[in-house]
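Taking it in order: structure first as structure tokens, then the write-up.
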Amino acid sequence: QVQLVESGGGLVQAGGSLRLSCAASGRTFSSYAMGWFRQAPGKEREFVSSITPSSRWSGGSTYYADSVKGRFTISRDNAKNTVYLQMNSLQPEDTAVYYCAAGLRVGVLNYWGQGTQVTVSS
């Protein structure tokens, strides 16, 4: 069982930046794939970014939705059991509840956090 707690959401003006954090429980964090998803009002939850489990050769491969590529960066700190989402050049369409997810593979993320609200004003 993995428990996830997101933080770092808030209100920011268009063009601004935020960094979301997701703290995970457990001693095998490095072996989990991690992801970020978001859900805007009236819309379905959508994929934002993911990172594969770490290995001795790599901190993990990263993947991004086209809508955030070049603006968002996912990273992980295995010593802190935390995954981050650095969000730059935020736009009003990025407004959503952002959820952290974990699983054994990026395609199977079955543990979810409670979400953190990100609001971007124009």
Side-chain angles (χ1 to χ4, degrees):
Q1 189 77 8
V2 178
Q3 293 183 324
L4 305 171
V5 179
E6 303 99 331
S7 61
L11 173 64
V12 63
Q13 289 189 332
S17 298
L18 283 174
R19 188 177 80 157
L20 305 183
S21 300
C22 174
S25 65
R27 294 177 291 179
T28 59
F29 175 76
S30 63
S31 64
Y32 279 90
M34 304 295 297
W36 288 97
F37 293 74
R38 66 186 182 186
Q39 187 167 19
K43 295 187 177 181
E44 293 192 354
R45 190 174 298 187
E46 65 175 3
F47 168 77
V48 175
S49 181
S50 62
I51 185 167
T52 61
S54 300
S55 71
R56 60 188 298 179
W57 302 279
S58 168
S61 298
T62 58
Y63 304 90
Y64 298 94
D66 287 343
S67 59
V68 306
K69 203 170 293 184
R71 299 188 298 124
F72 291 10
T73 302
I74 190 171
S75 62
R76 64 191 303 157
D77 185 336
N78 293 329
K80 296 183 178 180
N81 279 16
T82 300
V83 64
Y84 303 99
L85 186 69
Q86 178 66 44
M87 306 186 295
N88 298 329
S89 301
L90 283 162
Q91 299 301 316
E93 52 266 34
D94 295 316
T95 295
V97 177
Y98 282 71
Y99 296 90
C100 176
L104 294 181
R105 303 196 311 270
V106 293
V108 187
L109 301 176
N110 48 1
Y111 298 102
W112 293 84
Q114 82 289 348
T116 185
Q117 176 71 46
V118 171
T119 303
V120 185
S121 63
S122 56

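Numbering of residues begins at 1 and proceeds along the displayed sequence.
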*Answer with yes or no after comparing the ring centroid distance for F37 and Y99 against a 6.0 Å cut-off, counting only values under it.*
no
*Between the side chains of R19 and Y84, does any donor sit under 3.5 Å from an acceptor?*
no
_Rounded distance (nearest 0.5 Å) linking atom CD of E93 with atom OG of S67_ = 9.0 Å
*asked:* When you compare the side chain of F29 with that of K80, does any pair of heavy atoms fall below 4.5 Å?
replied: no
_Test of understanding: clusters of I, L, V, M, F, W, Y form through side-chain heavy atoms closer than 4.5 Å, transitively. Do L104 and I51 belong to the same one?_
yes
_Joint cluster assignment, Y98 & V2, ILVMFWY side-chain distance < 4.5 Å_ = yes
_To check you understand the geometry: which heavy-atom pair defines the closest contact between S21 and W36, and what is its length?_
O-CH2, 3.7 Å
*Determine which pairs satisfy disulfide bond (SG atoms under 2.5 Å apart) with at least one residue from residues 22-117, sequence neighbours left out, and list them in order.*
C22-C100
_I'd like to know if the side chain of Q86 and the backbone of T73 have a donor-acceptor N/O pair within less than 3.5 Å._
no
_Hydrophobic cluster membership, V83 vs W112, 4.5 Å side-chain cutoff_ = no
*Nearest-0.5 Å distance, CD of residue Q13 to OG1 of residue T119*: 13.0 Å
*Looking only at non-hydrogen atoms, find the nearest pair between A40 and A96 and report the distance.*
N-CB, 3.8 Å
_Does any part of the side chain of L18, heavy atoms only, come nearer than 4.5 Å to the side chain of L90, both counted from C-beta?_
yes
*asked:* Treating Q91 as the side-chain partner and S89 as the backbone partner, does any N or O pair qualify as donor plus acceptor under 3.5 Å?
replied: yes
*Do you know which two heavy atoms are closest between L85 and V48, and how far apart they sit?*
CD2-CG1, 4.1 Å
*Work out which heavy atom in A14 is nearest to a heavy atom in S122; give both atom names and the distance.*
CB-CA, 4.3 Å
*OG1-NZ distance between T62 and K69, expressed to the nearest 0.5 angstrom*: 9.5 Å
*Give the cluster check for V106 versus I74: same hydrophobic cluster or not, with ILVMFWY residues linked at side-chain heavy-atom distances below 4.5 Å.*
no
*Quick one: does Q117's side chain have a donor or acceptor within less than 3.5 Å of a partner on G9's backbone?*
no
*Is there a donor-acceptor pair closer than 3.5 Å between any side-chain N or O of T52 and the backbone N or O of S61?*
yes
*Less than 4.5 Å apart, any side-chain heavy atom of V12 and any of S121?*
no
*When you check the side-chain N and O atoms of S17 and N88, is any donor under 3.5 Å from an acceptor?*
yes
_Minimum heavy-atom distance K43-Q39, with the two atoms named_ = O-NE2, 3.1 Å
_Test item: Y111 and M34 side chains (from C-beta on) under 4.5 Å apart, heavy atoms_ = no
*asked:* Any heavy-atom pair between the side chains of M87 and L20 that's under 4.5 Å?
replied: yes
*If we only count heavy atoms from C-beta on, is the R38 to E46 side-chain gap below 4.5 Å?*
yes
*Please walk me through it: do S54 and N78 pass side-chain hydrogen bond (donor to acceptor under 3.5 Å, both in side chains)?*
CA-CA 8 Å; S54 300; N78 293 329; 2.8 Å; yes
*hydrophobic_cluster_shared for F72 and F47, side chain cutoff 4.5 Å*: no
